[in-house]
Participant: 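Once you've had a glance at the structure underneath, I'll fire off some questions.
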Amino acid sequence: MIKLKKYTALTLCALTLTATPISALADEYDQKIADQDRKISELQQTEQSAEEQKAALEQQVAAVEKEVTDVLKEKTDEEKKLSDLTKKIGILQEKIQKREKQLRSQARDVQTKNQATSVVHAVIESDSIGEAVKKTMAVSTMLTASKNIMEQQTKDKAELETLEKEAEQRLVVINQKTEELKAKQEKLVQTKLDQQVKINALQASIATEKGQKEKYEKQKEEAEKKRQAALKALEEQRKKEAEAREKAQAEAEKQAKQAAEEAQKAAEEAERQAAEAESAKQKQAAEIAQLEAQRQAAEAKQQQQQTETVTNPSAVQVTTNPATTDTPVTPSLTTPKESESKSVSNSSGWASPLSIGLIVTSPFGPRIDPTGASGTQHDGIDFAGSAGTPILATKAGTVVEASFHWSAGNHVIIKHPDGYYSYYMHLVSAANVSVGQSVTAGQVLGGMGTTGNSTGVHLHFGVSTALWSGFVNPGPLLGV
């Protein structure tokens, strides 16, 4: 009996000792499973949060891209309206100048032939009543015609003044939209760069529980390096463009100052000749020379003022030639006579597209996207200069495009006999040439500007083997 009791007690103790570890082990597995479920749940929540943040960033980028597109459209719309205005102004100027020429011609004929235009004089000089009547009617007809011409001249000048004021207002809006576009494009670049950094940072956080933390941390570091490199490249590009514009500005101001001095000397000489003229005919010739000298002085002053717009973007001025000029000049564009344009061809047969030295601000080939809408491949070369700097045809050929485009702005495309095409973009106003027109090397196509998808005055010059495709590096052709 005692043995049975001892055996039972020992059995109960053994069972108790055996059950305790099994229970503890089950509890431990349950805890591990619960911990793993918790980690998985937290990881899923983190991943979902990351996806939501990524989607929010993508919405921000899309919003900024839409702002850039909207501002660019507003800018190009204003530039298109200004381009149409300049055409109207040119046509009106030509009418006014032709009338002025006609009036001067009539005045010279009267003085040269010593003809009197008064009715009294016609009656006194007549030999008979019939002759007096005929002369009186002729004088009246001539006076009526002159009066009608003068009245129309006054109306056209008033309309010209109205169009010029409207052009000035549109130039102010274009400059404002250009600055706004530049700021939004820089914001777009910054937002895209920040988005990539944040996305990689979130991916690195998610990968902590998946064994990919080191991989994503390296990706984040590379993204940060790329962001810093891109920001540095953009800053260097801005500095380079600023230096190039200053250099071009200095050269343009020097030329403008020299032209102004020469025009002033010519004006002084014309004034001296006018003072020394004894006869009425000599005095008239001197006065005409004086008016021509004053016109040249005004053009030189206009060129000098336009060059200042590079360093002072807020300065807006639209000027036209005096009424005594026989050849119309497009507003805001100082265009020299084609015979005076400098075009020097190199061994390749391609002449310089500018009348000043070639200063490269952005070469051909891959580059950091400066606007967020241009792409990373640059299909031409950007040259610096001041507003209105004459742009010249590099070779003889036929104009195949001369119009306005939302990206290229006012532009010209020339097809050359050797099969190449040359491109001239961002002109300040409508081109001086038209589609189908034959041009010679060195012929003035227009003036440098910043129309289209551009945030600063420059010339984009390109060369291709087919229309809008097959672009090649124009640097070796120009020797730059």
Participant: Within this structure, what is the CG-OG1 distance for the pair Asn410 and Thr76, rounded to the nearest 0.5 Å?
Facilitator: 11.0 Å

Participant: May I ask you to establish whether Lys395 and Trp350 are in a cation-pi arrangement, using a distance under 6.0 Å from NZ or CZ to the six-membered ring centre and at most 45° from the ring axis?
Facilitator: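 Yes, cation above the ring, under 6.0 Å and within 45°.
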
Participant: Under a 4.5 Å cut-off applied to non-hydrogen side-chain atoms, are Val439 and Val399 in contact?
Facilitator: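 Yes, at least one pair of side-chain atoms sits under 4.5 Å.
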
Participant: Once rounded to the nearest 0.5 Å, what's the spacing between atom CZ of Arg170 and atom CG of Leu85?
Facilitator: 6.0 Å

Participant: Does His416 reach the main-chain N or O of Asp418 with its side chain, forming a donor-acceptor pair under 3.5 Å?
Facilitator: no

Participant: Answer yes or no: is there a side-chain heavy-atom contact under 4.5 Å between Glu100 and Arg104?
Facilitator: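 The answer is yes; the side chains approach within 4.5 Å.
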
Participant: Determine the minimum heavy-atom distance between Pro353 and Leu358, stating which atoms define it.
Facilitator: CD-CD2, 3.9 Å

Participant: Pair Glu235, Lys232 - check salt bridge (Lys or Arg N to Asp or Glu O under 4.0 Å), show working.
Facilitator: CA-CA 5 Å; Glu235 181 62 25; Lys232 183 178 180 181; over 6 Å; no

Participant: Could you state the interatomic distance from OG (Ser422) to CG (Leu445), rounded to the nearest 0.5 Å?
Facilitator: 8.0 Å

Participant: Using a 3.5 Å distance criterion without hydrogens, assess whether the side chain of Thr178 forms a donor-acceptor pair with backbone atoms of Ile174.
Facilitator: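 Checked: pair present.
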
Participant: Under 3.5 Å, is there a donor-acceptor pair linking the side chains of Asn148 and Gln152?
Facilitator: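 No pair is found: no donor N or O on one side chain lies under 3.5 Å from an acceptor on the other.
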
Participant: Under 3.5 Å, side chain of Glu261 to main-chain N/O of Gln258, donor-acceptor pair present?
Facilitator: no

Participant: Let me confirm one number: the CG-NZ distance from Leu188 to Lys184, rounded to the nearest 0.5 Å.
Facilitator: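 If I round to the nearest 0.5 Å, the distance is 10.5 Å.
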
Participant: I'd like to know if the side chain of Glu78 pairs up with that of Asn175 as donor and acceptor (distance under 3.5 Å, no hydrogens or angles considered).
Facilitator: no

Participant: Kindly give the heavy-atom pair with the smallest separation between Ile413 and Tyr421, and that separation in Å.
Facilitator: CG2-CD2, 4.1 Å

Participant: How far apart are the closest heavy atoms of Gly446 and Leu427, and which atoms are they?
Facilitator: CA-CD2, 3.9 Å

Participant: Assess, by modelled atom type and distance only, whether the side chains of Ser83 and Thr86 contain a donor and an acceptor separated by less than 3.5 Å.
Facilitator: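 Note: Ser83 and Thr86 side chains miss the donor-acceptor criterion.
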
Participant: Once you round to the nearest 0.5 Å, how far does NE2 of His426 lie from CD1 of Ile391?
Facilitator: 10.0 Å

Participant: Quick one: do Leu82 and Leu171 satisfy side chain to side chain contact (heavy atoms under 4.5 Å, CB included)? Show the steps, please.
Facilitator: CA-CA 8 Å; Leu82 179 60; Leu171 277 176; 3.2 Å; yes

Participant: Do His378 and Pro366 have side chains that get closer than 4.5 Å, going by heavy atoms?
Facilitator: no

Participant: Are any of the side-chain heavy atoms of Lys88 and Leu92 separated by less than 4.5 Å?
Facilitator: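 Contact flag for Lys88/Leu92 side chains = no.
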
Participant: Hey, are His458 and Thr450 close enough side-chain-wise for a donor-acceptor pair under 3.5 Å?
Facilitator: no

Participant: Side chains of Leu392 and Val444: closer than 4.5 Å at any heavy-atom pair?
Facilitator: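 Side chain of Leu392 against side chain of Val444, heavy atoms only: contact under 4.5 Å found.
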
Participant: Will you find, in the side chains of Glu79 and Trp406, an N or O donor that is under 3.5 Å from an N or O acceptor?
Facilitator: no

Participant: Could you tell me which non-hydrogen atom of Phe364 sits nearest to which non-hydrogen atom of Val472, and how far apart they are?
Facilitator: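 So the two residues come closest at CE1-O, 3.6 Å.
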
Participant: Run the side chain to side chain contact (heavy atoms under 4.5 Å, CB included) check on Phe383 and Ile359 step by step: do they pass?
Facilitator: CA-CA 5 Å; Phe383 295 114; Ile359 302 174; 6.0 Å; no

Participant: Taking all non-hydrogen atoms of both residues into account, name the closest pair between Lys75 and Thr451 and its distance.
Facilitator: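 The pair with the smallest heavy-atom distance is NZ-C, 3.8 Å.
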
Participant: I'd like to know if the side chain of Gln228 pairs up with that of Glu224 as donor and acceptor (distance under 3.5 Å, no hydrogens or angles considered).
Facilitator: yes

Participant: Between Glu253 and Lys257, does any NZ, NE, NH1 or NH2 come within less than 4.0 Å of an OD or OE carboxylate oxygen?
Facilitator: no

Participant: Apply side chain to side chain contact (heavy atoms under 4.5 Å, CB included) to the pair Glu65 and Val61, showing each step before the final yes or no.
Facilitator: CA-CA 6 Å; Glu65 287 178 341; Val61 171; 3.8 Å; yes

Participant: Is the shortest side-chain N to carboxylate O distance from Lys157 to Glu161 below 4.0 Å?
Facilitator: no

Participant: With heavy-atom distances below 4.5 Å as the criterion, would you say the side chains of Asn473 and Ile381 are in contact?
Facilitator: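 Yes, their side chains come closer than 4.5 Å.
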
Participant: Which residue in the set Thr69, Asp70, Asp77 passes side chain to side chain donor-acceptor pair (under 3.5 Å) when paired with Lys73?
Facilitator: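 Of all the options given, the one that passes is Asp77.
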
Participant: In Å, rounded to the nearest 0.5 Å, how long is the span from NE2 of His411 to OG of Ser403?
Facilitator: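 Interatomic distance, His411 NE2 to Ser403 OG, rounded to 0.5 Å: 4.0 Å.
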
Participant: How close do Ser434 and Ala402 get, heavy atom to heavy atom, and via which atoms?
Facilitator: CA-CB, 4.3 Å

Participant: Before giving the answer on side chain to side chain contact (heavy atoms under 4.5 Å, CB included), spell out for Ile356 and Thr389 the whole-Å C-alpha distance, their side-chain angles and the decisive distance to 0.1 Å.
Facilitator: CA-CA 8 Å; Ile356 60 176; Thr389 297; 3.9 Å; yes

Participant: Give me the one residue out of Lys80, Lys81, Lys87 that meets side chain to side chain donor-acceptor pair (under 3.5 Å) with Asp84.
Facilitator: Lys80

Participant: Just by distance, no angles: are the side chains of Tyr423 and Ser464 close enough, under 3.5 Å, to form a donor-acceptor pair?
Facilitator: yes

Participant: Taking the side chain from Gln443 and the backbone from Thr440, do they hold a donor-acceptor pair closer than 3.5 Å?
Facilitator: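 Pair found, side chain donor or acceptor close to backbone of Thr440.
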
Participant: I need the single residue from Ile91, Ile96, Ile89 that forms a side chain to side chain contact (heavy atoms under 4.5 Å, CB included) with Gln93. Which is it?
Facilitator: Ile89

Participant: Does the side chain of Val400 reach to within under 4.5 Å of the side chain of Val435, using non-hydrogen atoms?
Facilitator: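 They are not in contact (no side-chain heavy atoms under 4.5 Å apart), so the answer is no.
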
Participant: Quick one: do Thr394 and Tyr424 satisfy side-chain hydrogen bond (donor to acceptor under 3.5 Å, both in side chains)? Show the steps, please.
Facilitator: CA-CA 10 Å; Thr394 56; Tyr424 313 80; 3.1 Å; yes

Participant: Any heavy-atom pair between the side chains of Met425 and Leu459 that's under 4.5 Å?
Facilitator: no

